[in-house]
Chemist: 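Take a look at the following structure, please.
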Amino acid sequence: MKYRQFLSLLLIAALLAAAVPSGLAETILKRGDSGEEVRAVQERLRELHYLDQDPTGTFDETTEQAVLEFQERNDLLATGMVDSKTREVLFSEEAEPALTKAVDEGQSLEVKDMIERLLTGVSGAPSEMDMEVEDGYGSAAPMAMESVSAAIASMPAVSAANAMYARSAGERQWNTNEYTYFHENGFQSVSVNPLSTFAADVDTASYAQVRSMILAGQEVPPDAVRVEEMLNYFHYDYEGPKGDSPFGVSMALAPCPWNEETLLLQVGLQAKEVMAEERPAHNLVFLIDVSGSMFGSDRLDLVKRAFLLLLDVLSPEDRVSLVTYASRDEVVLAGVPAADKVRISSAIQALEAGGSTNSAAGIRTAYQLAERYAVPGGVNRIIMATDGDFNVGMTSEGDLARLVMEKKLGGTRLTMLGVGYGNYKDNKLEALADYGDGNYYYLDTVFEARRALATEAGGTFVEVARDVKLQLDFNPSRVSAYRLIGYEDRVMDARDFADDTKDGGEIGSGHRVTALYEIVPAGSSFQADAPVSKYQATAEPTGDTENAEWLTLNIRYKKPDGGASTLETWPLSGEAMKELPENMRFAASVAEAAMILRDSEYKGSATFDSALSLARSCPSVTGDAFKEEFVYLLTLLQRR
């Protein structure tokens, strides 16, 4: 990104925000939709001064433009559609108002004048300064550092994920990483909301990013921590599938380690593994960002090694296409059999970084190739590798999201591989993967690349269940309140559980899904922050509590080839365990670390010491390189 554009974004991002909290819904709102949800969005946009007209309840072109402006201002994928991430930020206290409002209410014309002077080269503009810093492409560019520092010093603090941070004397480095803000789940009263519904999620990008930051000695931005992605990174000893079911289910209930007045519920799904000889043919398109921002050993060089590792595990009859994009897109390979490894590996190794970023052109070309060489009943997937530093404009981002949504209906999925640090756009990569019903990985080392694309290639590409949704129905005679830990952007309305038109999550071969709930037992003295209506009857505990059900787990899923969903049900009864089983001890350790990093209001007595103690008590850590590495990360955090 050019330095003048960057200065503008940095200064604008530091202005005041104002909003009123609200709830989440899963439906994606777009032009042509109507109803009360649309009206609520319009009212909120008007409060933030993105929309001038009165709310009509109809999502028209004006509303779409207002949403686009809000998304761009708040560093979201600018699609013009209101998805769960946009809705979460829109109704949060972190929502950035329109710039006109911020100028009117906050810094008046002084900040606006400072921005204009920095961009136009008048009175203290960059061209008049002798200080130089190195930009993301390795070249020197003059910067108005004193002017920028003075402007920032007079404004509210910038978030850790987007602020300038000093490294050594005389040198400054800019961090423009972007993460989506979300408000963590709170306690829900069972008497009011007995059903908890969410879509399955098997992404692991958040853990890899957090690991990279800890090892580098950097502070971890709270919004970079997604608890579910940290939990799902690890292997657990769950029960395997039986019969025709695509997954086995394990549940356990035991005392909560960080709150002595609550219980901890662990729900685990273990997907069946599709053997290599049974897996369908693959039609893969490697879509690689080769723009200037991708230069470096932790970016394009790492991406090239990742795709070479993937090439080694493909079958000879699989087909590979290679598309690159920078200032323009280029088809390097088209439908080449994986058996021709020399040709494919030579093309990958020859890639070099340079130019600006036009991802929209590249991804359209990638979809054209995916359709040209499509395998009926096979794996048709685009694997896009980038730092997410798109430079395509608001309208193109919206078109991009719509294209991804359209193509997934035809069977082409989109997997995102993120690399780099400093200009990394986690929010946009996660959103694109969600739109494309694909996986999202962050590659910080070649070992992570091998894990995602080689060791667990089956789970990455071969689906065993589609649109997987979980719904827990809590018994008010045993549970008074509950809190889902993580999965904030996967929460769904209860009515959407049985609606097959509402997207769930995809589960691949051998994947595991782990969810934790903090449970307040009926009769507990713990005061959860869950609202209760005085007119809602509260069930009294039954006499036979030993055999009474705590809850019923309902799971809906579709077969990989689609069709109507299947419902499976598992009740949980009996008394809670006296001690945490090993699966839960390790999961609780990960959850504690994540809550501390997020500075969660629900972390209770959790410390890095207690998380470390829980992890070290698990025999399964020995010999598991990933769990051993997690223990090492905890020791680093413990010493800070």
Side-chain angles (χ1 to χ4, degrees), residues 273-290 294 300-325 329-352 362-386 407-408 410-419 433 436-441 443 446-464 506 508-511 560-561:
E273 291 198 38
V274 178
M275 297 296 101
E277 60 273 14
E278 299 175 349
R279 73 173 184 79
H282 286 38
N283 164 40
L284 303 179
V285 180
F286 300 170
L287 176 59
I288 303 178
D289 180 355
V290 293
M294 286 288 287
L300 183 57
D301 291 347
L302 178 57
V303 166
K304 292 193 290 187
R305 297 178 71 183
F307 281 112
L308 291 174
L309 288 169
L310 172 57
L311 182 60
D312 280 341
V313 299
L314 295 179
S315 298
E317 63 273 13
D318 294 334
R319 288 196 173 270
V320 173
S321 299
L322 174 58
V323 178
T324 63
Y325 67 90
D329 64 296
E330 179 183 356
V331 177
V332 181
L333 298 172
V336 176
D340 197 350
K341 290 188 177 182
V342 173
R343 180 183 175 190
I344 298 172
S345 61
S346 296
I348 293 173
Q349 291 172 343
L351 298 179
E352 296 182 354
I363 199 167
R364 288 189 178 91
T365 301
Y367 274 115
Q368 291 171 2
L369 284 173
E371 291 176 346
R372 183 186 307 172
Y373 297 100
V375 178
V379 174
N380 298 289
R381 188 174 294 258
I382 295 171
I383 309 167
M384 182 175 179
T386 177
K407 296 303 183 181
K408 76 176 181 182
T412 301
R413 303 287 190 261
L414 176 65
T415 288
M416 302 300 300
L417 304 180
V419 293
D437 278 359
N439 318 92
Y440 172 35
Y441 298 99
L443 308 184
V446 69
F447 303 105
E448 183 64 19
R450 179 179 288 110
R451 178 182 185 273
L453 297 180
T455 308
E456 299 188 2
T460 303
F461 303 125
V462 182
E463 295 177 353
V464 298
E506 279 58 52
S509 169
H511 269 156
D561 57 359

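Along the sequence shown, residues are numbered consecutively beginning with 1. These numbers come from the heavy atoms of this one structure, side chains and all, not from hydrogens, waters or symmetry mates.
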Chemist: What are the two closest heavy atoms between I363 and M384, and how far apart are they?
Modeler: CD1-SD, 4.1 Å
Chemist: Kindly indicate whether the side chain of I288, heavy atoms from C-beta on, has any atom under 4.5 Å from the side chain of L300.
Modeler: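 Yes, side chains in contact.
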Chemist: May I have the step-by-step check of salt bridge (charged side-chain N to carboxylate O under 4.0 Å, His left out) for R279 and D318, ending in yes or no?
Modeler: CA-CA 11 Å; R279 73 173 184 79; D318 294 334; 2.7 Å; yes
Chemist: What's the spacing between L443 CG and R451 CZ if we round to 0.5 Å?
Modeler: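 L443 atom CG to R451 atom CZ measures 11.0 Å (nearest 0.5 Å).
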Chemist: For V375, is there any backbone N or O sitting under 3.5 Å from a side-chain donor or acceptor partner on N380?
Modeler: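 Yes, N380 side chain to V375 backbone: donor-acceptor pair under 3.5 Å.
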Chemist: With rounding to the nearest 0.5 Å, note down the distance linking CE in M275 to OG in S509.
Modeler: 6.5 Å
Chemist: Specify the closest pair of heavy atoms between Y325 and A385, including all atoms of both residues, with the distance to one decimal.
Modeler: OH-O, 4.4 Å
Chemist: Check the pair I383 / F461 against side chain to side chain contact (heavy atoms under 4.5 Å, CB included), numbers first and verdict last.
Modeler: CA-CA 10 Å; I383 309 167; F461 303 125; 3.5 Å; yes
Chemist: Under the salt bridge (charged side-chain N to carboxylate O under 4.0 Å, His left out) rule, what do E506 and R413 come out as? Steps first, then yes or no, please.
Modeler: CA-CA 10 Å; E506 279 58 52; R413 303 287 190 261; 5.4 Å; no
Chemist: Taking the side chain as C-beta and beyond, is there a heavy-atom pair between T412 and V285 under 4.5 Å?
Modeler: no
Chemist: Tell me, yes or no, whether the heavy-atom count around E352 atom CD, taken from other residues, nucleotides or ligands under 6.0 Å, exceeds 12.
Modeler: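 Not buried by this count: 12 neighbours or fewer within 6.0 Å.
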Chemist: Any side-chain heavy atom of F307 sitting closer than 4.5 Å to one from L322?
Modeler: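 No. Closest side-chain heavy atoms not under 4.5 Å.
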Chemist: How many angstroms lie between CG in L333 and CG in L369, if you round to the nearest 0.5 Å?
Modeler: 10.0 Å
Chemist: Rounded to the nearest 0.5 Å, how far apart are CG of L414 and CZ of R381?
Modeler: 8.5 Å
Chemist: Check for a donor-acceptor pair, side chain of T386 on one end and backbone N or O of D289 on the other, with a separation under 3.5 Å.
Modeler: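 No, because the side chain of T386 does not come within donor-acceptor range (under 3.5 Å) of the backbone of D289.
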Chemist: What's the verdict on side-chain hydrogen bond (donor to acceptor under 3.5 Å, both in side chains) for S321 and R372, showing C-alpha distance, side-chain angles and the deciding distance?
Modeler: CA-CA 10 Å; S321 299; R372 183 186 307 172; over 6 Å; no
Chemist: Taking all non-hydrogen atoms of both residues into account, name the closest pair between A452 and T460 and its distance.
Modeler: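 Looking at all heavy atoms of both residues, the shortest contact is O-OG1, 2.7 Å.
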Chemist: Minimum heavy-atom separation for V446 to L302, with atom names?
Modeler: N-CD1, 3.6 Å
Chemist: Using only atom types and a distance under 3.5 Å, with no angle test, would you say the side chain of D561 pairs donor to acceptor with the backbone of G377?
Modeler: no
Chemist: Does a side-chain heavy-atom distance below 4.5 Å link V320 with H282?
Modeler: no
Chemist: Verify the neighbour count for atom CZ of R305: are there more than 12 heavy atoms of other residues, nucleotides or ligands below 6.0 Å?
Modeler: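 Counting neighbours around CZ of R305, 12 or fewer heavy atoms of other residues, nucleotides or ligands fall under 6.0 Å, so no.
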Chemist: When rounded to the nearest 0.5 angstrom, what is the spacing between CD in E456 and CG in N439?
Modeler: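 So the CD of E456 and the CG of N439 are separated by 10.5 Å.
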Chemist: Measure across A338 and L314 and return the closest heavy-atom pair with its distance rounded to 0.1 Å.
Modeler: CB-CB, 3.9 Å
Chemist: Compare all side-chain heavy atoms of Q349 with those of L308 and state whether any distance is below 4.5 angstrom.
Modeler: yes
Chemist: Where do A370 and N283 come nearest, in terms of heavy atoms and distance?
Modeler: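 Closest approach of A370 to N283, heavy atoms only: O-ND2, 2.9 Å.
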Chemist: Just so I know, are the side chains of Y373 and L284 near enough to count as touching, which here means a heavy-atom distance under 4.5 Å?
Modeler: no
Chemist: Would you say the side-chain atoms of K304 pair up with the backbone N or O of L351, donor to acceptor, closer than 3.5 Å?
Modeler: yes
Chemist: So, taking the atom named CG in D329 and the one named OG1 in T324, what distance separates them when rounded to the nearest 0.5 Å?
Modeler: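 The distance works out to 7.5 Å.
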Chemist: Quick one: are Y367 and R364 in side-chain contact, heavy atoms under 4.5 Å?
Modeler: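 The answer is no, as the side chains (C-beta and beyond) never meet within the 4.5 Å cut-off.
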